[in-house]
Amino acid sequence: IIQLYTPLNWFGTYYRMIQSAFVDMESMFDLLTEEKEVKDDVNAGDLLFTEGRVDFQNVCFSYIAGKEILSEVSFTVMPGQTVALVGPSGSGKSTIIRLLFRFYDVQSGCILIDGQDISKVKQNSLRSYIGVVPQDTVLFNDNIRENIRYGRISASDQEVEEAAVAADIHHKILSFPDGYGTEVGERGLKLSGGEKQRVAIARTILKSPRIILLDEATSALDSQTERNIQASLAKVCANHTTLVVAHRLSTIIKADQILVLHDGRIAEQGRHEELLAMGGLYAAMWLKQQQTPESEASTDEQPQEPR
Ligand code: ATP
């Protein structure tokens with residue numbers, strides 16, 4: 001029986017590994033199919049990371065020939081700063097984040113990290129410095145401990161728990177039937193949107209990347225969860241160059257710089273107070289959010305369109 005069982009067990013293990021790998025790929029912004037477009041130069045070297053300055057210089061990009069999604073986008077994120085991207089749905093906010101992670105290469109212009117063109121360095125090297133907290137975090141069919149450890153597979157159990165504490169999800173995990181051993185994912189315990197996002201934050205804390213890309217969830221969270229998430233994010237992002245696609249006001253107010261995207265261009269740029277004083281697109285978006293109940297508030301809506 002043991003002889004028969006061993007290969008079956010082995011098969012089960014590998015089946016789970018392969019399955020996890022698929023979920024993993026899907027989780028990276030659903031970009032599975034397009035990723036092959038990006039190839040490393042034969043001479044590509046490693047990114048020499050120094051302080052974490054990000055420059056977009058006249059970046060133009062389209063997914064489909066003839067339909068430009070970003071036009072002449074230029075901006076700088078100084079080391080350690082937080083930049084918030086806001087604008088109507090479809091204006092190109094997530095695309096900017098995908099380009100910085102190099103899911104695609106730009107059509108013209110360039111993206112620099114510490115003065116080095118990211119299309120000229122090895123993808124693995126680039127990505128080792130960048131952590132992503134996506135809108136929808138996919139959990140693998142494994143226990144919650146391994147789901148967090150995925151941020152850095154060499155992390156010890158203690159490090160996993162410390163990351164969970166920092167991401168404010170440790171107590172929640174202890175309330176699960178088997179604590180850290182609780183199976184999650186499709187066949188296990190279902191986690192709420194806010195809990196999954198905190199898993200993503202815990203993974204990012206373990207990875208401890210130099211640059212953080214955040215695609216905030218559009219879905220409304222209750223205000224306590226929201227505060228918890230903001231607090232844990234503030235810890236992760238402190239002194240790290242951060243780009244955040246912002247859907248909620250709390251992120252925007254404190255950002256060092258806000259970029260307002262409209263039809264693939266930067267329409268306005270500045271700090272919260274400066275943009276309010278300009279009385280333009282941002283001011284209109286802000287006013288609209290102030291008038292909307294908190295649970296429905298999102299900066300994505302076209303300011304001029306009535307609900
Ligand atoms: P949202 O706030 O709704 O997430 P966004 O501002 O982040 O929107 P993007 O996701 O950057 O917008 O998309 C910008 C445009 O590019 C949209 O018109 C979208 O339909 C298009 N687009 C996004 N991904 C692809 C893709 N893989 N192939 C073709 N077009 C795409």
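The model shown is predicted, which means the values in this text are computed figures rather than measured ones. Note that ligands are numbered from 1 as they come in the structure, with each ligand's atoms numbered from 1 the same way. Values below: all heavy atoms of this structure, side chains included; hydrogens, waters and symmetry mates excluded.
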Give the numbers and elements of all ligand 1 atoms closer than 4.0 Å to a heavy atom of [X].
X: Tyr104; value: 27 (N)
X: Arg98; value: 10 (O), 23 (C), 24 (N)
X: Thr95; value: 9 (P), 11 (O), 13 (O), 14 (C)

**Within 45° cone and under 6.0 Å: Arg203 NZ/CZ vs Phe140 ring** =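 Cation-pi check for Arg203 and Phe140: passes.
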
So is [X] polar-close to ligand 1, meaning N/O to N/O under 3.5 Å?
X: Ser91; answer: yes
X: Ile64; answer: no
X: Ile69; answer: no

**Prompt:** Do we see a donor-acceptor contact under 3.5 Å between the side chains of Gln269 and Gln257?
**Reply:**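 The criterion, which ignores hydrogens and geometry beyond distance, is satisfied for Gln257 and Gln269.
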
**Request:** Please check if any side-chain donor atom of Asp40 sits under 3.5 Å from a side-chain acceptor atom of Gln123, or the reverse.
**Result:**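 There is such a pair (donor and acceptor under 3.5 Å, judged by atom type) between the side chains of Asp40 and Gln123.
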
**Request:** Using a strict cut-off of less than 4.0 Å between a Lys/Arg side-chain nitrogen and an Asp/Glu carboxylate oxygen, indicate whether Lys93 and Asp215 qualify as a salt bridge.
**Result:**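 No, no charged N to carboxylate O under 4.0 Å.
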
**Item:** The one among Gly264, Ala246, Ser94, Pro88 that brings a heavy atom closest to atom 7 (O) of ligand 1
**Value:**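 Closest candidate by heavy-atom distance is Ser94.
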
**Request:** Closest by any non-hydrogen atom to atom 6 (O) of ligand 1: pick that one out of Lys93, His247, Lys67.
**Result:**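 Shortest heavy-atom distance from atom 6 (O) of ligand 1: Lys93.
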
**Prompt:** Quick one: does Lys172's side chain get under 4.5 Å of Ile169's, heavy atoms only?
**Reply:**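 Yes - at least one pair of side-chain heavy atoms lies under 4.5 Å apart.
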
**Request:** Tell me, please: is Gly92 in heavy-atom contact with ligand 1, that is, under 4.0 Å?
**Result:**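 Per 4.0 Å heavy-atom rule, Gly92 contacts ligand 1.
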
**Request:** With sequence neighbours excluded, tell me which residues meet side-chain hydrogen bond (donor to acceptor under 3.5 Å, both in side chains) with Glu68.
**Result:**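 Expected list: Ser71.
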
**Request:** Decide whether Ile113 and Leu48 are clustered together by the hydrophobic rule: side chain heavy atoms of Ile, Leu, Val, Met, Phe, Trp, Tyr closer than 4.5 Å, transitively.
**Result:**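 Shared cluster, no.
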
